[in-house]
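This report concerns only the one structure given below.
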Number of protein chains: 4
Amino acid sequence: MDTSTPASGHSEPPARRRTGGRSARVRAQVLDAVGVLLVEGGYDALTVDAVAERAGVHRTTVYRRWRDVGGLLADVLDAAAADDTWSPPDTGSLEGDLTALNQEVYDALAAGPSVSTALIAASFRSPEAAGALARFWADRYERCAAVVSRAVARGDLGAATDAHALLVTATAPLYHVLLLLRDEPDPGLPRRAATAAAAAARAGAFAARDTAPGGAGP
Amino acid sequence: MDTSTPASGHSEPPARRRTGGRSARVRAQVLDAVGVLLVEGGYDALTVDAVAERAGVHRTTVYRRWRDVGGLLADVLDAAAADDTWSPPDTGSLEGDLTALNQEVYDALAAGPSVSTALIAASFRSPEAAGALARFWADRYERCAAVVSRAVARGDLGAATDAHALLVTATAPLYHVLLLLRDEPDPGLPRRAATAAAAAARAGAFAARDTAPGGAGP
Amino acid sequence: MDTSTPASGHSEPPARRRTGGRSARVRAQVLDAVGVLLVEGGYDALTVDAVAERAGVHRTTVYRRWRDVGGLLADVLDAAAADDTWSPPDTGSLEGDLTALNQEVYDALAAGPSVSTALIAASFRSPEAAGALARFWADRYERCAAVVSRAVARGDLGAATDAHALLVTATAPLYHVLLLLRDEPDPGLPRRAATAAAAAARAGAFAARDTAPGGAGP
Amino acid sequence: MDTSTPASGHSEPPARRRTGGRSARVRAQVLDAVGVLLVEGGYDALTVDAVAERAGVHRTTVYRRWRDVGGLLADVLDAAAADDTWSPPDTGSLEGDLTALNQEVYDALAAGPSVSTALIAASFRSPEAAGALARFWADRYERCAAVVSRAVARGDLGAATDAHALLVTATAPLYHVLLLLRDEPDPGLPRRAATAAAAAARAGAFAARDTAPGGAGP
DNA sequence: AGGTAACCGAGACGGTACGTCACGTCTTCAC
DNA sequence: GTGAAGACGTGACGTACCGTCTCGGTTACCT
């Protein structure tokens, strides 16, 4: 569940949509500039003026196509979500998969003023950005459902396990501790949160609503 | 673990501290104005100008004493944390306590643009606000340790259970789902998250590091 | 040597330069407002805010184009210096010319809080204004050299007379008495100062350095 | 006619008038601070706050006793005018005396941002300062009348010569050139202006009004 | 190939908020 | 009870971005 990848994965092969046209080139320059500025100074550094200057493009152009900072962020996020081939780790065990996932999140969030942090901060002030971020995460959680399916297939979890709830329980503590509580980074956290979620899952805590909890499938 | 109470817990007893002093009166007016504006328009509505006007006080006075919006929020939070008598619920069971706690959080976060949301948004842009929020939460989690102690006393949990980890696991999904993922509010969420955390705790997932979980030791 | 004309010489023909462009219109409005405010309240009344309001223009626009009050004054002066057709009086005699010149200065300075006074006051606090004022005066003294040339042509003065020195001697007492000493206005002053300067000139006091005064040299 | 002495002649031996009382000490500290600040940053640096801090006195005290910056300057000037023993030079000739006088003025004005310049600048914005400066100069011109008397006694000038007019003619060009026109400092200026004034005087240009010009007295 | 419509560059403007400085008044608290 | 210390109201400063507008000049694409 890496939130830092969206901005990257996009600056290298700008092939698609840049059909030689100036418009496509401008878009690429602007989106790149957004990423750079986010890394450098967080959301507060992400002014339309700065983006335009960084992208070597005129302010007016940015306003014309993206309307405001929220639109910029949404475009960046959606662009990243579009052409990314991320898939959840497959370590052979539920704990292993969850821990690996958490480690990605941890790395993205613990690294000082990361793009992830900036995007999340932005989402509190821009509906567009919030929407795009929600879509991004929804996509990621969807893909991660594979982790749960595999555990079910292994007989490790009951068939009715609510994948989304399990994944949220596993990852939420990382966001909470690192972003909100702002505790000191604790390298053991990813594993412990993964373990706790796995334990709860085995105890049947995420049995789907229409299934009796505790009565974990065959 | 209610993050919305801080601002409110202060407007009711406006008597104290206003012992005739103009300064104290000004402070109270300003802090009240902050609360009102946060509720009305969220963090983005919290400009120094607006606060000053609302408080019937001059702009420069606000700058003199609080320096910026972050300082205002920090003062509000600290003031709230100072004179508040909040204590965790005591329902007689671990699940019950955690669910009640979660319900408070849920109510605070699900209510549209709440003060809590605004404060959290602010914490991403103001170190002072972030610090005050961290202090506030630290205090709350500390008090909530009682919930775990009681469970231990009841023989419900192992003596070495890491209260903070347990509480974070219980509450984090709420913040994650409501603030970050921005899912539709789900009234069952508080209870489910509480249940999952309790299940993990009983499975020994929060055994303190130096102690064997569940006495599984050597 | 009238220092008050610059601002005025510009409000009458408001047609030119306002060729439909908004920028030109704004400039004209602002420069007019400067003149009006200077007359009404002197230099201290010349705040950027007041100018902007008077001109029906936004504060930031003034800052953008003129930076500060000094820039405004410099522009006003330069604009006045640009399109003005002033030329020194020609009365047929040196004393007559100098007296007429002095009378212009006297009228400009004796009239209460004149624009001239305000400009001079401003020049003590704004390098730009000081520069513009210096340029303005240099231009005027240059044109006035004609007065001396004519006297030379009439055989009234030696060919090597230093025009600038003579003119300064003639006009300086007016500025000194009216602006610095702040004596009561004395209507005879222009003539007396002119007479004294002419007398000194005839006595050879302004013979250029390399030439003997009065042609006494070999 | 040195305008820079007022502030200076007062910082070294602060003995007189400071008869031990706290009030007197405070006054001395404040007036000293005014002088220092004027030298350091000109009139714009002369804020009540800065004076108070420099003098080690509370703002309120300054407001109580001097009301504003104008009052401060007036007090400084009057204090300087009170205890100063300045007398005009006596070189044995009119030109010599006038040149020496002019040299004093020149030195005071040519030295970059001098106190003199600051005081004159201040006089444009503070009626009190303007009044005090006028009184100061009136006193100096009065004393300088001795220069003219001596010339008359020597038979160098007519008895009816208007001393004030002569002195103004001699000194005015310095102020005009150095303060208003802001020309490059020209070391020959003091002597030339003195010579021109003396020449005009000998030509009878400053014969008192009630006497026929040219018919210089017996 | 050429014309047209979309797009971009350029720059000014009105506007909101910022954070600062100095002024001059007024209030409070300690002596 | 008074006067120094300090807070406040007030007005101006100069700045940063915002979002809008109007030009004029390219550029891409489509007959």
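Every chain is numbered from 1 and lettered A, B, ... according to where its sequence line falls, protein lines coming before strand lines.
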Which whole-number value in Å describes the distance from [X] [atom1] to [N] [atom2]?
| X | N | atom1 | atom2 | value |
| --- | --- | --- | --- | --- |
| B:Arg64 | E:dT25 | CZ | P | 16 Å |
| C:Gln29 | E:dA12 | CD | P | 16 Å |
| D:Asp44 | E:dC21 | CG | P | 15 Å |
| B:Trp66 | E:dC18 | CH2 | C1' | 18 Å |
| A:Asp68 | E:dG15 | CG | P | 21 Å |
| D:Arg125 | E:dA22 | CZ | P | 13 Å |
| B:Arg22 | F:dG9 | CZ | P | 6 Å |
| D:Glu53 | E:dC23 | CD | P | 12 Å |

Is it the case that the base of E:dG14 and the side chain of C:Arg59 share a donor-acceptor contact (distance under 3.5 Å, atom types as modelled)?
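Answer no: no donor N or O sits under 3.5 Å from an acceptor.
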Below 3.5 Å, does any donor atom in the side chain of D:Thr60 face an acceptor in the base of E:dT25, or the other way round?
no
Which nucleotide sits closest to the side chain of [X]: [options]?
| X | options | answer |
| --- | --- | --- |
| A:Thr61 | E:dC8, F:dG14, F:dA4 | E:dC8 |
| B:Asp49 | E:dA17, E:dG24, E:dC13 | E:dA17 |
| B:Tyr63 | E:dG19, E:dC23, F:dC8 | E:dG19 |
| A:His58 | F:dC13, E:dG9, F:dA4 | E:dG9 |
| A:Arg65 | E:dA12, E:dC8, E:dA17 | E:dC8 |
| C:Thr47 | F:dC13, F:dC18, E:dC13 | F:dC13 |

Taking any heavy-atom pair under 4.0 Å as a contact, classify B:Arg67: base, sugar-phosphate, or nothing.
sugar-phosphate
Just so I know, are the side chains of B:Leu31 and B:Trp66 near enough to count as touching, which here means a heavy-atom distance under 4.5 Å?
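Contact flag for B:Leu31/B:Trp66 side chains = yes.
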Any heavy-atom pair between the side chains of A:Tyr43 and A:Leu73 that's under 4.5 Å?
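Yes - at least one pair of side-chain heavy atoms lies under 4.5 Å apart.
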More than 12 heavy atoms of other groups within 6.0 Å of C:Glu40 CD
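Check passes, neighbour count above 12.
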Of A:Ala50 and C:Val69, whose nearest nucleotide on DNA chain F comes first from the 5' end?
C:Val69
Salt-bridged, A:Asp75 to A:Arg27, with N to O below 4.0 Å?
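Salt bridge between A:Asp75 and A:Arg27, a charged N being under 4.0 Å from a carboxylate O: yes.
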Smallest heavy-atom separation, C:Leu38 atom then C:Ala118 atom, equals CD2-CB, 3.2 Å
